[in-house]
Amino acid sequence: MTTQIDSLEEYKKAYQESVDNPEDFWKKQGETFVWKKPFDQTLQWNFEEPNVKWYINGKLNITENCLDRHIEKRGDQTAILWEPNDPSAPIQKYSYRELLSAVNKCANGLKERGIKKGDRVVFYMPMVPELAIGVLACARIGAIHSVVFAGFSAQALADRVDDAQAKMIICSDYNHRGSKNIPVKEVVDDAMDKSCNSVETVLVHKNTHGEINWSSEVDFWWHELIDHQSSKCEAEEMDSEDILFILYTSGSTGKPKGVVHTCGGYMVYTCYSFRNVFQYKEGDVYWCTADIGWITGHSYIVYGPLLAGATTMMFEGVPTYPDAGRFWEVCEKHKVNQFYTAPTAIRALMAKGDQWPAKYDLSSIKVLGSVGEPINEEAWNWYNDHIGKGNAPIVDTWWQTETGGILITPLPGITDTKPTYASYPMPGVQPVLVDADGNIKEENDVEGLLCIKFPWPSIIRTTYGDHERCKNVYFSTFKGMYFTGDGARRDKEGRLRVIGRVDDVINVSGHRMGTAEVENAINEHPSVVESAVVGYPHDIKGQGIYAYVISQNKELDDTFRKEILAMVTKEIGPIAKPDKIQFVSGLPKTRSGKIMRRILRKIASKDGNNLGDISTLLNPDVVSEILNGALV
Ligand code: PRX
């Protein structure tokens, strides 16, 4: 097992070692895993191409480390504990032994359908155990999984399937979500009608008893393909740098990009970070409320916890069903020890009142985690007071899809915590703040752009099918550094606080979106001439979506608004629907024709009286019109 730090001295020592001699540091961690063939070098890298390789020539299969190696010591321990959407429905438990056998059966089923090493498999599924099983089954046979959050639209799903050239889609028939029953297979059918020409099989897990359409050539039932398979399946030998998965995420421009993570480094870093950030101890029950459709679910529901031999809970439902006490009821019911969620959920539950957590015994909780967006002080304090009762340190974990694992965080009970501060880098992580020219700001009590100047094992390797894009987005802004796209401040004592994105990426309820993506969706409406989308502060969601829309020959009424919302839902999914739509006659532009988003952001953020000099705009008059009509 990777090292677990348990004192401040050890943290300092580990950190120093990891900076002075990163290769030795990560070599030692790497050697704690089962390798089919040991690696012969720990790291090769340059950030110019970029080209980063960890655990060179090592051969492994991550599932042997997640499953097989635990059988002897904890074969009967619960690996996955599943809590259903409906609180009265039965829970499910998979021991490590049962999980291994389920993964192997699934792996054999995938093979029967012609899936082999290197093939891409897209998942479009709710939070049921079969999602984790399917993902691990891909890893078992060396197929590359790409999980698409099941809230995305058919178009968004089709875009991802096409980009990955996936051979198979695995979905469910329907998805229980609160009081709703969502037709998942129907969305897949729609996606298949649009494109998805690479797909040979749609594997359908029966989750409810709803009716679905069936296409006899491509559709297969999970239970018919998988249940009769052998529970033995040799784990495919993978190179450390073979692709483990692709996960699509939004950037400032263009379509979502496929972030690529590879087998060796990702394995070492997710295990190491999981054990240290959550201080997981034998017998603990760990719960991360994220969806496996996001990186948090990959690294800290599936891989990190299983690599560490933990009991990891999967929750099918939503925080407010059947009522706003659900999270706390589940914590009490399963005596959860580590609870990891997003600020947006904390704020939403805080707004429902203190009486909800007060009804439940939350004394089992030892560590509280936060992830996905900046946590405001009020939410931090409420989480601390009402959930942790002052006894459970909050780990405000900063990281990204691209980083694969948590990079900046307090270590609970080891380093101090300060509201809204992600605080300290993990061992092996070298963050720097730079100015716009890339000069490193060495001093404390400053703000700057957050970069990382040295690779860590789970760093993004490429963007699938487009290495140039990876280079341009992350490694070209500042020479020799990975640029995160975030702005941050360092306090007087050296703690880091991540303030938010400095690019055209917005973070709505912890969901990452490119403003350009939302604009493109709005522009699909035939009566829209042009649009501009910005984020604005939102009490619950962190950021809301504000859209300025220029239209042609269309009555600017609620019907049009609804059509725009429907268009965004169709193109991306309901999570991208603008909260506010303002119809305008023009957008403020520079003389070279660039939209001045800075001005639009200020207006949307109720800061419209403080726009600075707008005289150089091509069309300054439009600004007062927009200000007068602003929906603030
Ligand atoms: O802006 C940062 C914000 O979320 C972005 C990454 O989003 P995504 O790739 O979807 O991954 C989210 C889950 C890891 C970052 O660029 N972010 C994430 N965690 C924090 C955060 N901002 C402030 N504090 C955090 N703890």
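Numbering starts at 1 and runs along the sequence shown. In each ligand, atom 1 is the first atom listed, and ligand 1 is the first ligand listed.
If you look at Phe454 and Trp456, their ring centroids are not closer than 6.0 Å. Ring to ring, Trp380 and Tyr421 are not that close: their centroids are 6.0 angstrom or more apart.
Salt-bridge check for Arg495 with Asp416: passed, with a basic side-chain N closer than 4.0 Å to an acidic carboxylate O.
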Using a cut-off of under 3.5 Å, which N/O atoms of ligand 1 pair up with protein N/O atoms, and what distance separates each pair?
residue	atom	partner	partner atom	Å
ligand 1	1 (O)	Asp486	OD1	2.7
ligand 1	1 (O)	Asp486	OD2	3.3
ligand 1	4 (O)	Gly372	O	3.2
ligand 1	4 (O)	Asn507	ND2	3.3
ligand 1	9 (O)	Thr401	N	2.8
ligand 1	9 (O)	Thr401	OG1	2.6
ligand 1	9 (O)	Arg512	NH1	2.6
ligand 1	16 (O)	Gln400	NE2	2.9
ligand 1	16 (O)	Asp486	OD1	3.3
ligand 1	16 (O)	Asp486	OD2	2.7
ligand 1	16 (O)	Arg501	NH1	2.9
ligand 1	17 (N)	Gly372	O	3.4
ligand 1	19 (N)	Gly372	N	3.2
ligand 1	22 (N)	Pro374	N	3.4
ligand 1	24 (N)	Glu373	O	3.4
ligand 1	26 (N)	Asp396	OD1	2.7
ligand 1	26 (N)	Thr397	O	2.8

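The neighbour count for Arg177 CZ, taken as heavy atoms of other residues, nucleotides or ligands under 6.0 Å away, does not exceed 12.
When all heavy atoms of Ser250 and Glu517 are compared, the pair lying nearest together is OG-OE1, 2.6 Å.
In this structure, Phe478 and Phe483 have perpendicular ring planes: the angle between them is above 60°, well past the 30° mark.
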